[in-house]
Asks: 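Okay, here's the structure, questions in a sec.
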Amino acid sequence: MLLALKDVWVHYRKVAAVRGISISVEEGEIVTLIGANGAGKSTTLRTISGLKRPSSGAIEFAGERIDTVAPDQITKFGIAHVPEGRHVFPYMSVVENLEIGAYLRTDKAAIDKGYEEVFEHFPRLRERRKQQAGTLSGGEQQMLAMGRALMSDPKLILMDEPSLGLSPIMCREIAKIIRDLHQLGRTIVLVEQNARLALALAQKGYVLETGSIVLDGPAQELRQNDEIKHTYLGIASTGEADGKSDNA
Amino acid sequence: MAVITVLAVLCVIPFHMGLSRVDTATVFFISVILAVSYRLITTTGDWGFAHIIFQGVGAYAAALLGKHAGIPFIVMVPLAGLVTALVGAIVMYPMLRTKGFGFFITSFAFGELIRMIWVKVKDPFGGVGGIINIPMPELFGLKLFSLVNYYFACMVFMVVSVFIMWRIDRSRIANAWKAIHTDDMLAECMGVNVARYRTLAFTVGCFFAGIAGALVAYRLGSIDPHNFNINEMVYLVIWVVIGGAATFWGPLIGVTLLTVVFELSRELEEWRPMMFGGILIMFLIFLPGGIESLLPALRRPPSEHYARFRKWLTTLRPG
Amino acid sequence: MDLDTFVQTLLNSIQTSSVYALVAVGLAMAFGVMKMANFAHGEFYMIGAYVLYQVYQLWGLNFWIGVVVAIPVVALLGVATERVIFRNTGANILAGFMATVGLGFVLQVAALQIWGHGLMKRIDTPYMGAAEIGDAHVGWQRLIIIPCAIAMLIALRWFLYNVKLGKALRACAQDPETASLQGIKVRNMTMLAMAIAGASAGLAGALMAPVAAITPYMGHHIVIIAFIVIVVGGTASVGGAVVAAIILGFIHTFVTTLVDSTTAAMVGVGIMALTLVVRPQGLLGRETP
Amino acid sequence: MALLEVRNLSKNFGGLAAVSEFDLDVEEGEIRGIIGPNGAGKTTLFNVISGTLRPSGGSINFEGQSIAGKRPSAIAAMGAVRTFQRTALFEDFDTMGNVSIARHLHAKETIFGAILGTARKMELANERRAEEIIEFIGLGEVKHELAINLSHGHQRALNVAMALAAEPRLLMLDEPVAGMNPGETAVMTDIIRNLRKDWGITVILVEHDMRTVMDVCEQITVINFGRKLAEGTPDEIVSNDDVIEAYLGSEDILGEDF
């Protein structure tokens with residue numbers, strides 16, 4: 001097992017944003033956390049990468065406890081975080097953004113290979129390598145944030161809402177790249193509000209509701225499961241909802 | 001009860017100490033008005049860097065009107081307050097767009113502008129030389145030139161000013177100010193017109209700064225722009241930081257304590273700025289709430305202090 | 001204003017702008033990266049001048065050795081300030097500012113005690129003579145600061161845009177949290193910013209020492225100008241600070257020549273007040289280094 | 001005439017249209033839900049109506065009077081009061097103190113009144129009213145606790161109590177049950193229902209927690225990409241394909257080659 005969260009609780013002051021969740025990620029798979037907004041998905045990712053300390057529970061990565069590791073140490077373990085809203089460095093060029101992604105690496109040849117790999121996945125970034133990141137479109141910024149994460153040659157990539165605010169065409173492009181990365185053997189934890197998209201990409205899924213896991217299983221099974229729809233739309237149970245919609 | 005005791009003592013002491021001490025005590029009373037009125041403005045979260053300048057506005061108003069219009073002392077002091085309040089309200093209008101550090105630095109800019117007007121405009125402000133021969137204050141035929149008499153005049157103004165500000169601090173208006181400090185957007189949505197209330201706090205604070213200024217002008221007999229420079233402002237900030245600004249009593253503690261320290265350190269003349277600078281740094285790092293933040297601790301039982309001490313010890317261990 | 005006066009004032013303006021730029025650029029660095037508003041920046045400048053006085057005048061070493069010594073000494077002072085003050089006052093800009101006001105007092109008294117008080121220190125001018133253009137003439141010593149300032153600004157730009165560490169510093173200024181996720185230690189970058197701030201203030205102080213009046217209070221005037229410059233240029237913008245330094249240097253010098261120095265100071269402060277009220281983000285907006 | 005009439009409202013940030021061509025009618029006595037996916041423009045809409053943001057275009061009428069572009073305090077004085085998504089309270093004051101500050105609109109005091117202490121009678125009336133509100137919201141037991149020491153559920157309830165203290169006719173609640181556990185949520189749901197039943201207050205509810213929205217609202221407006229996506233009863237909304245797609249997303253965009 002590459003990553004394991006064991007009964008993790010996270011609080012913002014008095015509020016429990018994550019209430020005792022346990023998650024396991026095997027090497028080479030895409031695992032998705034889905035749920036309506038406010039369910040605690042982003043908090044979970046921020047806790048894994050050290051931006052937030054869990055108030056209890058354990059996080060293990062490749063057999064090591066990482067729940068007290070500072071965020072600036074987390075790349076050393078091989079974890080890269082693509083934050084929600086992309087957060088590229090707006091006044092730096094595309095290449096400079098990528099260079100910062102490889103900040104802790106020293107092997108020049110490997111870094112150069114990294115650039116090549118990124119530009120292969122994202123040919124658009126090659127075209128715009130000198131452009132200021134802040135002037136890129138939303139989709140291109142998302143690509144850059146993903147490329148920057150790849151530059152650290154991570155064993156695990158955490159992606160927070162990559163489809164947020166993107167047009168369907170751009171979503172599709174991003175989705176393809178996520179699938180490509182998976183086929184090349186990368187392990188990915190994908191947080192998405194767009195549940196159908198996420199479940200189409202992932203092998204395993206967890207459904208979060210107000211900080212707890214309410215449903216989990218292979219993505220294929222979850223796709224068929226009507227419960228998800230009810231979780232998202234706040235309908236109490238299947239039977240009742242069907243009855244109601246018949247009346248409507 | 002405690003207040004009455006303090007006042008009684010203050011009434012007796014001028015007859016039992018040297019005249020230079022009486023003058024020091026007079027300055028202390030003026031400082032109290034200044035510090036308490038500064039803290040009144042900070043209750044909205046608006047930490048300015050120009051309060052001394054507004055004291056200067058009051059001083060110039062008193063000096064000019066006292067000299068040229070012949071307005072008597074008892075009328076002039078509150079009138080200087082009103083003039084200062086008016087200037088404060090005008091200056092506050094553009095500053096409303098800023099808050100936090102922006103407000104701080106903007107107030108500094110406007111303050112410097114006012115100060116440079118004094119330097120630049122010879123008529124009526126007298127330029128670098130300032131205004132001399134401010135008429136000697138007189139009250140009901142009593143010459144206030146006598147230090148002891150002036151001591152009592154300032155004491156009365158101090159007591160009345162502090163009492164009024166204390167009443168305001170306990171009112172609903174002050175609660176609205178404190179609400180603005182905590183969360184101005186929330187206060188606004190609860191119906192508090194934030195712009196109006198910030199202006200009100202600033203204006204009232206300036207009114208009392210003006211009173212302090214008039215008292216300074218009459219005490220010195222002559223004023224110039226140097227009386228209201230940035231160093232004086234820094235000392236005011238030090239009083240309020242060290243006493244604390246959260247409660248009404250913080251600045252009083254600060255002024256009292258530092259006046260005593262200042263007097264005791266007379267022989268260290270040259271080292272004094274370093275000492276006060278060091279104290280300011282230490283407080284901002286180790287006790288940002290000021291001395292007043294220690295007061296609740298005095299009420300805690302000793303056992304709790306011991307428990308806290310134990311806990312503090314554990315934080316010292318490495319790892 | 002006749003032609004000679006104009007040329008004279010022009011030369012003075014360039015020289016003044018260079019000093020402003022050198023001092024303000026450091027203040028802007030510190031403010032841009034971690035919102036550290038350092039009021040003791042003027043005292044950094046003052047210490048730079050005293051270090052030169054010590055090395056050049058008292059020890060009799062070469063002028064340039066004095067300059068080279070002043071840079072690391074004041075840079076270290078900057079790092080110490082970050083570790084002792086800004087690290088503890090944290091996100092509260094105002095508390096950091098006030099603590100450095102206290103630090104300013106401390107440094108003034110320290111200079112007074114180390115180098116004695118009384119009259120201002122006189123330094124033999126290492127470069128005598130003056131450049132003469134028509135009737136206008138400016139002492140060589142005053143002109144030295146112009147190439148030095150340009151060299152320092154070019155070096156700084158090269159560092160920020162071509163060196164990995166400099167790029168990390170810019171990344172931190174733009175988005176500290178995301179920078180930390182890339183493995184950049186934000187604390188170290190903050191210290192680095194303060195070191196650069198100290199170095200540039202120290203350099204400016206050392207270069208100005210022979211022509212300025214060296215007193216423990218010489219930094220007071222310069223820090224106010226530096227704050228005006230960074231407010232007008234945009235508090236987080238190093239480029240803006242340079243542009244604003246040039247503009248204010250010219251305005252200041254010309255107004256001083258045409259009217260007087262008090263009016264010049266008023267115009268400067270007036271521009272700052274106007275900027276804060278009308279366009280709080282400064283001339284060059286939110287651009288970061 | 002509806003209590004709140006929003007017509008053709010738009011709000012742009014730079015080139016981005018966060019809300020565009022938005023119409024909304026809320027009738028007196030309604031409990032209206034506004035929902036939408038993350039980043040759909042709910043909070044922007046809310047901020048524009050409550051005066052926290054200025055609209056870029058369109059009109060907002062409350063009781064027939066235009067409130068577009070007015071200060072939040074002026075809008076609150078007219079009777080439309082909002083709460084915040086974040087827990088927003090005055091931490092240094094106790095429960096009573098918070099509600100008492102929120103009575104601001106109904107406790108006019110001048111600076112001279114403050115000095116002379118002439119407002120005592122008015123303050124007593126205010127205090128009684130504050131206690132009534134606190135009891136209604138169920139905070140009687142923690143009346144004298146400092147706000148910062150209250151539990152999260154109590155803090156959120158206090159937010160609503162503070163809004164009530166302004167005596168609104170229209171109460172706009174921004175995610176009142178955010179971060180609450182099921183027990184606390186149930187209590188809040190009851191409070192919202194009773195607001196209308198006992199006090200006749202019209203409620204607009206922006207909420208992530210769909211269960212709560214479906215539970216208490218008769219009419220729901222769905223917003224997506226800043227525009228109105230659907231409007232109707234909860235039953236209509238849950239069976240609306242557009243809404244389902246907005247919430248669950250779609251895998252169709254992946255295309256044939258997936």
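Protein chains get the first letters and strands the later ones, always in sequence-line order, with residue 1 at the start of each. Keep in mind that the numbers below use all heavy atoms, side chains included, and drop hydrogens, waters and symmetry copies.
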Asks: Quick one, Phe110(B) and Val277(C) - any side-chain contact, counting heavy atoms below 4.5 Å?
Replies: yes
Asks: Show me the donor-acceptor pairs, under 3.5 Å and distance only, between side chains in residues 113-124 of chain B and residues at least two apart or in other chains.
Replies:
from	atom 1	to	atom 2	distance (Å)
Arg115(B)	NE	Glu112(B)	OE2	3.3
Lys120(B)	NZ	Asp260(C)	OD2	2.6
Lys120(B)	NZ	Thr263(C)	OG1	3.4

Asks: So which part of Phe108(B) gets closer than 4.5 Å to some heavy atom of chain C, the side chain, the backbone, both or neither?
Replies: side chain
Asks: More than 12 foreign heavy atoms under 6.0 Å from CD1 of Ile132(B): is that the case here?
Replies: no
Asks: Kindly assign one of parallel, tilted or perpendicular to the pair Phe97(C) and Phe49(B), based on the angle between their ring planes and the thresholds 30° and 60°.
Replies: perpendicular
Asks: Under a 4.5 Å cut-off applied to non-hydrogen side-chain atoms, are Val101(C) and Val237(B) in contact?
Replies: no
Asks: Under a 4.5 Å heavy-atom cut-off, does chain C meet the side chain of Ile279(B), its backbone, both or neither?
Replies: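 Neither the backbone nor the side chain of Ile279(B) comes within 4.5 Å of chain C.
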Asks: If you count heavy-atom pairs under 4.5 Å between each of Leu280(B), Ile281(B), Val241(B) and chain C, which one has the most?
Replies: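 The option with the most such pairs is Ile281(B).
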Asks: Hey, are the side chains of Trp47(B) and Met98(C) touching, using non-hydrogen atoms and a 4.5 Å cut-off?
Replies: yes
Asks: Taking every non-hydrogen pair under 4.5 Å, which of Leu96(B), Ile238(B), Val234(B) racks up the most with chain C?
Replies: Val234(B)
Asks: Would you say Ile105(B) and Met272(C) make side-chain contact, with heavy atoms under 4.5 Å?
Replies: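 Yes, at least one pair of side-chain atoms sits under 4.5 Å.
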Asks: If you count heavy-atom pairs within less than 4.5 Å of chain B, which of Val106(C), Leu107(C), Thr100(C) leads?
Replies: Val106(C)
Asks: For Ile228(C), is it the side chain, the backbone, both or neither that has a heavy atom under 4.5 Å from a heavy atom of chain B?
Replies: neither
Asks: Would you mind checking which part of Tyr217(C) comes under 4.5 Å of any heavy atom in chain B, side chain (CB onward), backbone (N, CA, C, O), both or neither?
Replies: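 Tyr217(C) has no heavy atom closer than 4.5 Å to chain B.
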Asks: Grab the two heavy atoms, one from Met274(B) and one from Ala110(C), that are nearest each other, plus how far apart they are.
Replies: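 Shortest heavy-atom separation between Met274(B) and Ala110(C) comes out as CE-N, 3.7 Å.
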Asks: Is the closest side-chain heavy-atom distance between Ile230(B) and His220(C) below 4.5 Å?
Replies: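 Yes. Closest side-chain heavy atoms under 4.5 Å.
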Asks: Looking only at heavy atoms, what is the nearest atom pair of Ile285(B) and Ile85(C), with distance?
Replies: CD1-CA, 4.3 Å
Asks: Top residue by heavy-atom pair count (under 4.5 Å) with chain B, among Leu103(C), Asn92(C), Leu276(C)?
Replies: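 Top count of heavy-atom pairs under 4.5 Å with chain B: Leu276(C).
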Asks: Please state whether the side chain, the backbone, both or neither of Thr98(B) comes within less than 4.5 Å of a heavy atom of chain C.
Replies: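 For Thr98(B), the side chain is the part near chain C, not the backbone.
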Asks: Between Phe105(C) and Pro273(B), what is the shortest heavy-atom contact and its length?
Replies: CB-O, 3.4 Å
